[in-house]
Amino acid sequence: MYQLLNLINNLENVLGKTVGVESISLRISNNPKFDFQINNLVKLQNHKHIKDIESSFSEIIDNEALIKSFEITDTYFINLEIDIEKFSNSFDKIKKYIKVRHPKTVLIDYGGPNIGKPLHVGHLRSLNIGKSLYRIYSLAGHSVISDIHMGDWGMPIAQIITYIEEKQIDIENINIDDLEKIYPEASKLYLKDDEFKDLAQANNKRLNENNSKILKKWKKLKNISIKSIKETLDALNHRFDLWMGESDVNHLIPEMIQKLESEGKISLDDGAYISNLVSEPKILITKSDGSYLYLTTDLATVLNRLKQNKIDKTLYIVDKRQNLHFEQLIKSLNYFDFGDEEYHHIAFGTINDSNGNPYKTREGDAKKLINLFKETSLQIKKINSDLDDGTNKLLANTVLTFSDLKTNRMTDYKFDLNKFTNTSGKTGIYVQYAFVRAKKLLNGSSINTSKINLNIADLDESDLSLIRGMIKFEYYFNLALENNEPHHLADYLYELSNLFNSMYQNQNILENKKETVKFNKLKISEFFISYSALLMECLGIEPVEKM
RNA sequence: GCUCUCGUAGCUCAAAUGGAUAGAGCAACAGACUUCUAAUCUGUAGGUUAUAGGUUCGAGUCCUAUCGAGAGCGCCA
């Protein structure tokens, strides 16, 4: 809460002198008459100096210009009412207020798609959460780099190449549809045919060793796959700064292994390298034939990134089932002394169908993302067939993003297209509609709102509710940033949209006889538009111009 | 078998570091459109937070046990 930072610092000083270092955090007040609350004193209610602390707090809060009124209850909950007049002047400065004091370089790793497999429903959350965190960190002033981190290496691709070789498929004329059919066939064969398995293992080793003949085939397949992935990403409005893959760090691995061994950090066990860090289960670094694993390339990827950029913090946006892998990765990065940078596994739950089972097609495959997009787009056409394609696309993506981000990322949720495209309720369409409504109102008014100042005395209940809703922006923004949880902002965007709709519905604004009332409402609508746009930016949603 | 996560209104989900009376949306019910506005708004009802104990000024949140669900577990990524 940048605007109340002085207040917070002063209160923290009091605590520091009396009961020890403790940070003050504001929360939304339980009491609807107030905006924020401070709970730090509640647990001190039996402290021998509580009366002194209370009076120091009172004095400090009393002197804070942004606080209009406050109360300290008999159990020492502190409630604060913000002075709307002083705070409202700052609405248009919100972008400055949310900047952090110490910007960092943050890398977002999407734990990307594999070669040979189309983008499917399983990739949706990684894309949405990653994009949202990218925007949130950027708005907070960090410098952010996104890396799709393609799964372009290892056994899956070796299986595909082996399958193509064995079935004598013409690799020159292969297309994406062929490739997508080959992948499941190859992995099926790998599981049941030992001879095929040996051939694939051998091919994988050749890949690791940079065998030029197999690299040529690999390159061909990778290009086909990337082209298809880019088409889907384009439909869904996603872009990446880096298109690195696991293959890009292959050359760093032999040296890395050698160094770790000479440092006594890893040792051979049944021919495979395992970490000497005591851990259960043991951490496997390479396979017994010397070829590399998921963890091997992820470790080398970190080395590669640190070599190329100064990175303070890395976020891995990967589903929660891979928890053990990232636990092992982060443990290993520490144990191997790769640096003191931060690494976080931003885990998320799975998307299920309405019965709670993994979201699949009738054939039992994961549903393709591009098909999900098309179905959503079609559903929106049913609601309004007059929309141009551009608007339809934005709305379809709004639905796929908002419905995903409104749930806490760790929760598995049920995908229900009918529900998510509902025009009323907590949906993407609803928040877009409120935005369009506000814009239409201002455009129809022919009044220059930028020159209007609020007339506080003439604000009615619905105006005040919306203004006091907007005061919470910094709170929710921080919550999302600190915890890497975009859903707080999705929920908040709905709350503001709902408050706007209430105000709007309440009375006819443009025909209001009293000019100050009319101007107030137009000014508040202008604020709402900028807040709504900013929240959509945080979520990775583009506002539409008409609906 | 071991490890981890989860169980909140009929349904789908919220509730940061333990804080006051556990909140939204959908569905249900009752209302509001010759309008800048219905792709909307207003109201009502809906809960022993799986169960039983414990920790403390205070527990959906922490601990223990039971029941139920899901995931992961050295040569896939």
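These values consider heavy atoms only, across backbone and side chains, with no hydrogens, waters or symmetry-generated copies. In what follows, every chain begins at residue 1, and chains take the letters A, B, ... in the order their sequences are listed. Just so it is clear, the model here is predicted, and its values are computed rather than measured.
- Look at A/Lys282 and you won't find any side-chain N or O under 4.0 angstrom from OP1 or OP2 of B/G74.
- The residues A/Lys521 and A/Asp463 are annotated as salt-bridged, a charged nitrogen and a carboxylate oxygen being separated by less than 4.0 angstrom.
- At B/G70, none of the side-chain N or O atoms of A/Thr350 fall inside 4.0 Å of OP1 or OP2 (strictly under the cut-off).
- Smallest separation of non-hydrogen atoms from A/Ile108 and A/Ile317: CG2-CG1, 3.7 Å.
- Taking every heavy atom of residues 436-449 of chain A and every atom of RNA chain B, pairs under 4.0 Å involve A/Arg437, A/Lys440, A/Leu441, by number.
- The interatomic distance linking A/Leu405 (CG) with B/A14 (P) rounds to 12 Å, in whole Å.
- The one candidate from A/Arg27, A/Lys472, A/Arg468 that meets the salt bridge (charged side-chain N to carboxylate O under 4.0 Å, His left out) condition with A/Asp35 is A/Arg468.
- Closest contact between the side chain of A/Tyr430 and the listed nucleotides B/C41, B/A16, B/A39 involves B/C41.
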Listed pairs, N/O of protein and of nucleotides 75-77 of chain B, under 3.5 Å:
from	atom 1	to	atom 2	distance (Å)
B/C75	O2	A/Ser288	N	2.6
B/C75	O2	A/Ser288	OG	3.4
B/C75	N3	A/Ser288	N	3.4
B/C75	N3	A/Ser288	OG	3.0
B/C76	OP2	A/Lys287	NZ	2.8
B/A77	OP2	A/Tyr294	N	3.3
B/A77	O3'	A/Glu246	OE1	3.0
B/A77	O3'	A/Glu246	OE2	2.8

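- Proximity of A/Asn408 to the phosphate of B/A15: a side-chain N or O atom is located under 4.0 Å from OP1 or OP2.
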Worksheet item: Can you give the dot-bracket line for RNA chain B, using ( ) for pairs inside the strand, [ ] for pairs that cross earlier ones, | for pairs with another strand and . for unpaired bases, where Watson-Crick and G-U count if both distances are under 3.5 Å?
Response: (((((((..((((.....[...)))).(((((.......))))).....(((((..]....))))))))))))....

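- A close approach under 4.0 Å does not occur between any side-chain nitrogen or oxygen of A/Thr407 and OP1 or OP2 of B/U12.
- Judged by closest nucleotide on RNA chain B, A/Phe420 is the one of A/Leu387 and A/Phe420 placed further toward the 5' end.
- Only one option out of A/Leu369, A/Ile229, A/Leu127, A/Asp152 pairs with A/Pro113 in a side chain to side chain contact (heavy atoms under 4.5 Å, CB included); it is A/Ile229.
- A/Glu81 is linked by a salt bridge (Lys or Arg N to Asp or Glu O under 4.0 Å) to nothing, counting only residues two or more places apart in sequence or in another chain.
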Atom pairs under 3.5 Å: protein N/O with N/O of nucleotides 6-10 of chain B:
none

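- Annotation: of the two residues near RNA chain B, A/Glu511 and A/Lys414, the 5′-most nearest-nucleotide partner is A/Lys414.
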Worksheet item: Which nucleotides of nucleotides 19-29 of chain B have their base under 4.0 Å from a protein heavy atom (B), which only their sugar-phosphate (S), and which neither (-), written as one string 5' to 3'?
Response: BB---SSS---

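- Between A/Lys414 and A/Asp416 no salt bridge is recorded (no basic side-chain N to carboxylate O distance below 4.0 Å).
- Contact of A/Ser25 with B/U17 (side chain to base): a donor-acceptor pair of N or O atoms is detected under 3.5 Å.
- Salt bridge A/Lys523/A/Glu526: present, at least one basic N to carboxylate O contact under 4.0 Å.
- If you check every strand for non-hydrogen atoms under 4.0 Å, A/Glu22 touches nothing.
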Item to complete: Show your working on side-chain contact (heavy atoms from CB on, under 4.5 Å) between A/Ile283 and A/Ile274 and close with a plain yes or no.
Response: CA-CA 6 Å; A/Ile283 301 174; A/Ile274 59 162; over 6 Å; no

